[in-house]
Amino acid sequence: MGKDSQWVTPGEVLGKASKFKAGRGAYVSPDNLTVYASLTGLRRILSPFPTHPTSWKFEFLRPTVEVTGHKAHGAIPEPGSIVIARVTKVMARMASADIMCLGTKSVREKFTGIIRLQDVRATEIDKVDMHMSFHPGDIVRAIVLSLGDARAYYLSTAKNELGVISAQSTAGATMVPISWTEMQCPLTGQIEHRKVAKVGQ
């Protein structure tokens with residue numbers, strides 16, 4: 001039976017991994033071995049079921065903590081997930097984005113992503129300029145690193161196939177990638193800087 005029900009949102013601490021196993025709607029952060037909620041819903045603790053009736057090992061006695069709710073079966077970003085997101089704001093050291101798709105599935109809740117300066121690309125990190133990598137409105141493909149402290153997912157575009165996959169020029173046209181760092185407006189020929197994702201072969 002589940003007990004200790006309370007309403008939680010993504011990023012809230014559910015307990016220590018030493019005391020709980022992560023069930024549905026929860027995951028363990030490898031950084032601090034803490035169990036976090038990955039969706040909005042009710043926190044429930046499920047009683048442990050020892051694998052052997054005579055076993056007194058603590059491992060078998062840890063209860064499972066899970067989060068369930070009316071949206072529990074929707075697509076939920078997790079570390080390692082590939083997501084599609086729309087950039088909403090670009091700052092000096094990070095860009096924020098709204099996650100729209102998890103793989104090929106649309107998400108049913110609103111999830112926010114943060115791309116930090118050090119996660120834009122794998123090389124020459126000290127030369128990264130956020131304003132030359134992303135613009136508001138850009139559509140990016142990224143990988144989820146972890147769930148951050150501000151209930152936002154940390155995203156990375158530090159692989160060739162990750163980065164901007166669609167962007168509009170100042171003239172309102174969909175730009176064409178011409179290099180790893182540039183996209184061109186087909187109407188005006190103007191070139192704009194981006195962290196471009198490799199498309200196709």
Exercise answer: donor-acceptor pairs, residues 129-137 side-chain atoms, under 3.5 Å, sequence neighbours excluded:
residue: D129; atom: OD1; partner: H131; partner atom: N; Å: 2.9
residue: S133; atom: OG; partner: D129; partner atom: O; Å: 2.9
residue: H135; atom: ND1; partner: R194; partner atom: NH1; Å: 3.4
residue: H135; atom: ND1; partner: R194; partner atom: NH2; Å: 3.4
residue: H135; atom: NE2; partner: H131; partner atom: O; Å: 3.2

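- Between R116 and L145 there is a side-chain heavy-atom pair separated by less than 4.5 Å.
- In this structure, the side chain of K195 engages the main chain of T157 through a donor-acceptor pair within 3.5 Å.
- In terms of heavy-atom proximity, R141 sits nearest to E161 at NH1-O, 2.7 Å.
- The distance from atom CD1 of I114 to atom CZ of R93, rounded to the nearest 0.5 Å, is 13.5 Å.
- L155 is not connected to L162 by any chain of hydrophobic side-chain contacts under 4.5 Å among Ile, Leu, Val, Met, Phe, Trp and Tyr, and they are in different clusters.
- Scored by the side chain to side chain donor-acceptor pair (under 3.5 Å) test, T88 finds S96 as partners (sequence neighbours excluded).
- Taking Ile, Leu, Val, Met, Phe, Trp and Tyr as members and joining any whose side-chain heavy atoms lie under 4.5 Å apart, directly or through other members, L187 forms no hydrophobic cluster with any other residue.
- Qualifying side chain to side chain contact (heavy atoms under 4.5 Å, CB included) partners for S179, counting only residues two or more places apart in sequence or in other chains: T181, E182.
- Looking at W180 and N160, their side chains come closer than 4.5 Å, going by heavy atoms from C-beta outward.
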Set out, in order, the CA-CA distance, both residues' side-chain angles and the distance that settles side chain to side chain contact (heavy atoms under 4.5 Å, CB included) for I115 and V120, then state yes or no.
CA-CA 7 Å; I115 305 172; V120 172; 4.1 Å; yes
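- Other cluster members for I178: I191, joined by side-chain heavy-atom distances under 4.5 Å among Ile, Leu, Val, Met, Phe, Trp and Tyr.
- Taking every heavy atom of both residues into account, P177 and V196 meet most closely at CB-CG1, 3.6 Å.
- With sequence neighbours excluded, the residues forming a side chain to side chain contact (heavy atoms under 4.5 Å, CB included) with V13 are T34, Y36, listed by chain and number.
- Atom CD of Q184 is separated from atom OG of S169 by 10.0 Å, given to the nearest 0.5 angstrom.
- With sequence neighbours left out, the salt bridge (charged side-chain N to carboxylate O under 4.0 Å, His left out) criterion links K89 to no other residue.
- Here K159 pairs with nothing under the side chain to side chain donor-acceptor pair (under 3.5 Å) rule; sequence neighbours left out.
- Of all non-hydrogen atoms in I165 and A197, the two that sit nearest each other are CG2-CB, 3.7 Å.
- Residues I99 and T112 form no side-chain contact, since every pair of their non-hydrogen atoms from C-beta on lies 4.5 Å or further apart.
- Applying the side chain to side chain contact (heavy atoms under 4.5 Å, CB included) rule to T170 yields the partners Q190, E192; only residues at least two apart in sequence or on another chain are considered.
- Considering only residues two or more places apart in sequence or on other chains, Y153 meets the ring-ring contact (aromatic ring centres under 6.0 Å, His included) condition with F111.
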Show every donor-acceptor pair shorter than 3.5 Å between a side-chain atom in residues 76-86 and any protein atom, with sequence neighbours excluded, or say none if there are none.
residue: S81; atom: OG; partner: E78; partner atom: N; Å: 3.0
residue: S81; atom: OG; partner: E78; partner atom: O; Å: 2.8

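- The shortest side-chain heavy-atom distance between I139 and M100 falls under the 4.5 Å cut-off.
- Taken from CD in Q118 to CE in M94, the straight-line distance is 8.5 Å, to the nearest 0.5 Å.
- The backbone N or O of L147 sits less than 3.5 Å from a side-chain atom of Y27, completing a donor-acceptor pair.
- The two residues F20 and R43 come nearest to each other via the heavy atoms CZ-NH2, 4.2 Å.
- Cluster annotation: V8 is connected to I45 through the hydrophobic network of ILVMFWY side chains, with a link wherever side-chain heavy atoms come within less than 4.5 Å.
- Residue V144 is grouped with residue V140 when hydrophobic side chains (ILVMFWY) are merged at heavy-atom distances under 4.5 angstrom, including chains of intermediate members.
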